[in-house]
2 protein chains.
Amino acid sequence: MKIKDNFWSPIQNMIIDTVLPYQADILEDKVPGAEKSGAVNNFRIAAGEAEGEFYGMVFQDSDLAKWLEAAAYALTVKPNAALEKKADDIIALIDRAQEPDGYLNTFFTVKEPHHKWQNLLECHELYCSGHMIEAAVAYYNATGKDAFLNIMRRNADLICTRFGEGKTRGIPGHQEIELALFRLYQATGEKEYLKTAQYFLDERGKEPSYFEAELASRDWFHWAHGPENKFYAQNHAPVREQKEAVGHSVRAVYMYTAMAAIAAETGEEAMLNACRTLWSNIVNKRMYITGGVGSTHIGEAFTVDYDLPNDSIYAETCASIAMVFFARKMLEIEPIGEYADIMEKELYNGILSGMQLDGKRFFYVNPLEVVPGVSGQVPNYKHVLPQRPLWYGCACCPPNVARLITSLGQYAWSEKGNAVFSHLYMGGSVNLKAAGGVRIDCESNYPYGGDIQYKVSPEADTADFTLAIRIPAWCKGEWTLSVNGKPAQAETTNGYAYITRKWRSGDEVHLALAMKPIRMYANTNVRDDAGCVSITYGPLVYCFEACDNGASLAALRLPRSAEISDEKSDLFGGTVILKVEGLRVESCEALYSDIPPKVKPVNLKAVPYFAWGNREIGGMRVWMLE
Amino acid sequence: MKIKDNFWSPIQNMIIDTVLPYQADILEDKVPGAEKSGAVNNFRIAAGEAEGEFYGMVFQDSDLAKWLEAAAYALTVKPNAALEKKADDIIALIDRAQEPDGYLNTFFTVKEPHHKWQNLLECHELYCSGHMIEAAVAYYNATGKDAFLNIMRRNADLICTRFGEGKTRGIPGHQEIELALFRLYQATGEKEYLKTAQYFLDERGKEPSYFEAELASRDWFHWAHGPENKFYAQNHAPVREQKEAVGHSVRAVYMYTAMAAIAAETGEEAMLNACRTLWSNIVNKRMYITGGVGSTHIGEAFTVDYDLPNDSIYAETCASIAMVFFARKMLEIEPIGEYADIMEKELYNGILSGMQLDGKRFFYVNPLEVVPGVSGQVPNYKHVLPQRPLWYGCACCPPNVARLITSLGQYAWSEKGNAVFSHLYMGGSVNLKAAGGVRIDCESNYPYGGDIQYKVSPEADTADFTLAIRIPAWCKGEWTLSVNGKPAQAETTNGYAYITRKWRSGDEVHLALAMKPIRMYANTNVRDDAGCVSITYGPLVYCFEACDNGASLAALRLPRSAEISDEKSDLFGGTVILKVEGLRVESCEALYSDIPPKVKPVNLKAVPYFAWGNREIGGMRVWMLE
């Protein structure tokens with residue numbers, strides 16, 4: 001889909017016009033004050049065109065890969081000769097940095113040429129290849145140029161020749177190669193890529209553990225991370241037997257995404273059921289209301305059911321992005337509204353919060369509570385920053401946001417047989433294959449309004465197909481759907497309204513969703529939200545910032561009976577803010593007192609969660625005591 | 001004071017009859033299933049009477065020292081030939097393990113003889129000497145035997161000869177030697193001990209930092225802990241300039257205790273003010289309602305004002321014990337009821353909770369919230385155990401509890417000039433020096449009742465002195481005081497009621513404190529207690545356990561209007577339990593829901609906090625949502 005949307009287009013344009021050039025400068029170490037990257041220079045050194053040492057993380061190459069992938073998607077949004085030139089130059093550099101056998105990883109080429117493939121547990125070789133492969137496929141799809149694709153086919157061929165049943169044993173420490181090889185298979189039709197992707201999944205969790213065998217066979221370490229905690233990299237059980245989302249959340253969800261891709265391809269029931277089980281475990285037991293996943297910074301990991309602390313949270317931006325990938329793949333398997341609901345939740349909340357509104361600062365961790373003097377400072381809260389930094393030593397998140405937002409059009413629609421599915425209510429136009437070709441134009445005032453207009457333009461005079469439109473769970477049945485002004489003949493199943501008819505050019509479908517502030521409550525097993533309420537508005541989660549509501553947000557109360565009003569505002573370039581008369585508890589002077597605290601009425605103001613931290617540095621809360 | 005008290009005597013007797021022999025067995029590695037100690041065997045090896053390697057922590061000697069100190073106090077409670085014999089045997093072993101120059105530390109003697117005094121930052125030599133000195137003074141005071149005292153004077157002389165102004169520079173990594181040398185000074189009158197204690201305090205926090213100079217001068221490490229975090233061991237500023245309680249909480253409060261001891265001795269205003277400031281910071285900003293201190297396991301440390309998480313808490317038993325030491329020293333400086341109130345709070349809550357009721361298991365960490373499946377299991381909560389272990393690799397707390405409880409009589413009373421002060425309402429008898437000698441017998445049903453009877457027996461026919469009785473802040477003025485059945489002529493200042501009169505033998509004083517359940521609220525800056533209430537009853541904090549109230553304690557509510565009743569119970573060998581009609585929030589099925597949760601009435605039961613974890617393993621909460 002080509003997006004032309006009041007909400008998303010400015011963000012896409014900012015990514016393309018500001019963020020990508022800015023990130024390119026970062027990757028070339030041209031931004032003063034930002035953490036050094038070295039990513040491009042590493043390739044120059046590997047190509048023999050610069051002197052110096054490898055710089056950065058063992059997976060530094062992947063930052064450049066994600067940037068290239070984002071650049072590719074950007075070119076599908078609008079032509080950009082300068083960007084394309086820069087990408088082509090970098091691709092040519094990558095070509096020169098690649099070793100003759102197809103090997104591509106600057107850390108090993110420059111720094112550890114004798115230790116290739118020896119430390120898959122720690123060293124992210126397959127991970128970096130995966131990201132480069134994804135970028136190459138995207139660049140090929142966007143431009144038709146196959147130079148990058150050929151580079152990465154050589155690399156993938158090297159991997160597929162080396163690893164597999166009857167070949168060298170191996171699995172990646174950080175999953176990513178699986179879904180990348182799957183994409184390469186889709187782009188090229190080469191079954192070997194699919195087979196190797198499957199191999200990496202099938203081999204995982206097998207006893208005896210590959211990682212332990214690897215550790216026993218090498219005397220070379222990177223961080224000296226051991227394989228003892230098998231949950232960390234989801235190596236604790238064969239993937240089809242995994243029932244709970246555990247360990248490093250990005251590794252986990254990238255893997256689930258690959259599992260879903262392969263289940264969609266093969267239809268294998270055991271794999272599909274594992275995906276459903278893992279999905280359900282995340283969404284029903286281990287996810288923040290913003291879509292954030294990963295409850296602890298220790299291992300950047302999932303913990304246990306209902307353990308969702310708001311202030312020591314991890315909720316990495318990348319993990320939310322991974323949830324979008326996972327959801328999108330699940331939607332290919334079965335059109336169930338929940339997948340799209342969660343995809344939407346991630347996009348409008350836990351992902352967008354990862355980027356400053358001006359596109360120049362990024363969060364890795366997306367907290368639901370920030371406490372001045374504690375967040376970012378006290379042990380155990382040091383990772384929870386109250387302000388987005390310019391860049392990171394481990395900079396996985398910023399280019400991940402860029403590649404997602406630039407490719408957003410791929411998430412809004414899908415097709416299956418003679419049905420077309422509208423998952424996200426983004427304005428724009430999409431060309432679909434149904435009934436010999438149909439274009440659908442969409443207009444909406446989403447997420448600040450609930451009016452979504454579809455205009456159908458089949459290539460033929462009439463077209464027999466089904467338009468399936470997601471009905472979000474959050475609207476609780478308060479919606480209407482009409483075709484050409486009359487109530488639609490629609491069947492609603494699993495979160496989609498199916499309209500099957502002979503469509504004519506100019507037919508208009510109107511979905512009206514009731515948009516209003518909704519009080520949300522957590523399951524009582526979530527002890528950190530006990531006694532609390534949060535407010536949503538359509539797909540948006542709202543939060544209370546100290547700059548609007550005063551310090552000591554924990555002293556505020558949001559009585560159940562208080563009416564919440566929504567109001568258009570110019571804040572953040574145009575948004576809806578929520579207002580409510582709440583209470584402020586007047587504190588005792590002492591640390592503890594037997595005098596029941598008094599309350600006084602105060603006017604409270606909530607802003608969309610994704611926009612928090614764009615004004616003064618201060619406290620923030622999503623869950624408010626009732 | 002000789003304690004004869006319904007509440008404390010059984011605990012003292014259990015410590016003496018059960019815990020000390022049990023701990024002796026542990027220290028001699030005779031308890032199957034308990035963590036190995038090696039403490040006694042290390043001395044055998046050092047004395048050349050056993051083969052083998054040093055075992056345990058670098059400060060393993062201190063476990064034995066604290067046991068000996070407890071044994072000394074036990075002998076003041078009641079004669080115990082077997083215990084005395086065992087202590088004498090161990091003391092003789094220590095004598096044989098001591099090096100000719102007075103050096104005494106089995107870790108260095110056995111394992112690192114060439115690294116003595118080189119790594120004060122990490123290696124606890126001065127700390128172990130301090131505990132041994134305290135034990136020796138206690139044993140001398142209890143038995144009159146001076147063998148142990150002489151051993152430790154030799155050791156102290158070695159330390160005082162080595163360290164000081166114009167001698168070798170040094171300060172301990174873990175404070176303890178300061179208060180020990182002060183005690184040795186008090187026992188012997190030797191000013192050199194006082195001077196060296198003062199030196200260690202004065203040298204701390206001076207620039208350039210001793211620890212950095214030490215690190216630069218040695219190539220030998222233990223854990224390779226560096227001195228970078230100057231707050232950890234309170235080396236960030238000269239002690240008189242320290243204003244906030246920071247770093248490792250036991251190190252901190254041991255140091256404050258030594259500062260208070262020296263301020264009491266010298267009357268130095270700058271030192272006294274530093275003590276008052278640090279006391280106030282702890283008590284008014286950084287203390288749990290149970291008296292626990294130390295908000296994070298990272299560095300076992302204080303964090304920042306009002307940061308008091310209940311579930312990831314540290315609140316080490318030793319830190320609460322240290323608070324009793326600190327409070328007792330502050331009381332010597334100035335009779336302010338708050339010091340005794342806090343001393344009492346620690347004793348009846350945060351310290352007693354450190355020991356199972358049968359004396360066989362011990363907590364290091366004393367949480368205010370335990371969550372099944374999370375506490376003790378999830379990263380960041382692994383240190384918060386739901387059940388007291390048998391023993392610890394780092395076993396500082398168990399013998400610390402033993403030495404405190406056996407010496408409890410020393411905390412109940414003090415004298416200053418012609419006034420005698422009753423700080424704690426323990427039954428028993430005390431002989432005081434006032435007016436040429438007076439014995440006071442005390443009877444009370446505390447803490448389950450508020451009736452405290454004092455019977456005065458002067459040696460002379462009449463005696464002119466002031467009896468000052470603490471009036472606890474928690475009773476909020478609901479108390480009466482009578483002498484021989486008539487309202488007392490008392491002046492109440494700073495938490496003490498002063499009765500000055502001519503006392504005759506048989507005079508009786510009766511203090512009646514209103515005992516009832518009291519709802520307590522935290523300062524709104526304590527975000528973890530926001531919306532919550534806790535219940536106290538006299539000096540006791542109460543808690544709600546899952547075995548009484550069902551699982552998912554976060555789903556319970558304690559409405560402000562609900563009446564709380566107190567009831568005598570046979571539970572835990574006789575206690576008061578609290579009953580209240582509360583509510584249970586019925587959870588939504590989903591993780592998040594817009595349906596306001598319904599509540600149903602439930603009968604709730606609270607038990608004294610110190611007794612938690614003595615039945616089934618399960619959840620526990622002190623702070624309940626209102």
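Chain naming here is simple, since letters A, B, ... match the order of the sequence lines and numbering starts at 1 in each.
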Which atoms of A/Gln377 approach chain B - backbone, side chain, both or neither, heavy atom under 4.5 Å: neither
Structural part of A/Val526 lying under 4.5 Å from a heavy atom of chain B: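 Answer is side chain: those atoms of A/Val526 sit under 4.5 Å from chain B.
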Exercise: identify the closest heavy-atom pair between [X] and [Y]:
| X | Y | result |
| --- | --- | --- |
| A/Asp311 | B/Arg527 | OD2-NH2, 3.0 Å |
| A/Ala530 | B/Ala554 | CB-O, 3.5 Å |
| B/Ser552 | A/Asn525 | OG-OD1, 3.4 Å |
| B/Cys588 | A/Ala522 | SG-C, 4.1 Å |
| B/Arg560 | A/Pro596 | NH1-CB, 3.4 Å |
| B/Asn523 | A/Ala590 | ND2-O, 3.1 Å |

Between B/Asp529 and chain A, with a heavy-atom cut-off of 4.5 Å, which part of the residue counts as in contact: side chain, backbone, both or neither? side chain
Let me know if B/Val283 has heavy atoms under 4.5 Å from chain A in its side chain, its backbone, both or neither.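 Just the backbone, heavy atoms under 4.5 Å.
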Hey, could you give me the [atom1]/[atom2] distance between [X] and [Y], rounded to the nearest 0.5 Å?
| X | Y | atom1 | atom2 | result |
| --- | --- | --- | --- | --- |
| B/Ile595 | A/Arg519 | CD1 | CZ | 15.0 Å |
| A/Leu625 | B/Cys532 | CG | SG | 7.5 Å |
| B/Thr524 | A/Leu553 | OG1 | CG | 11.0 Å |
| B/Tyr381 | A/Asn380 | OH | CG | 7.5 Å |

Among A/Gly531, A/Ser593, A/Pro379, which has the most heavy-atom pairs under 4.5 Å with chain B? A/Ser593
Top contributor to chain B interface from A/Arg286, A/Arg584, A/Glu369, A/Glu626 [non-hydrogen pairs under 4.5 Å]: A/Glu369
I'd like to know which of B/Thr296, B/Asp305, B/Val371, B/Thr303 tops the heavy-atom pair count under 4.5 Å against chain A.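 Looking at each option in turn, the highest pair count goes to B/Val371.
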Among B/Val374, B/Ile518, B/Asp528, single out the residue with the greatest number of heavy-atom pairs under 4.5 Å to chain A. B/Val374
B/Tyr592 side chain to A/Ile289 backbone, donor-acceptor under 3.5 Å: yes
Can any side-chain N or O of B/Asn284 pair as donor or acceptor with the backbone N or O of A/Leu591 at less than 3.5 Å? no
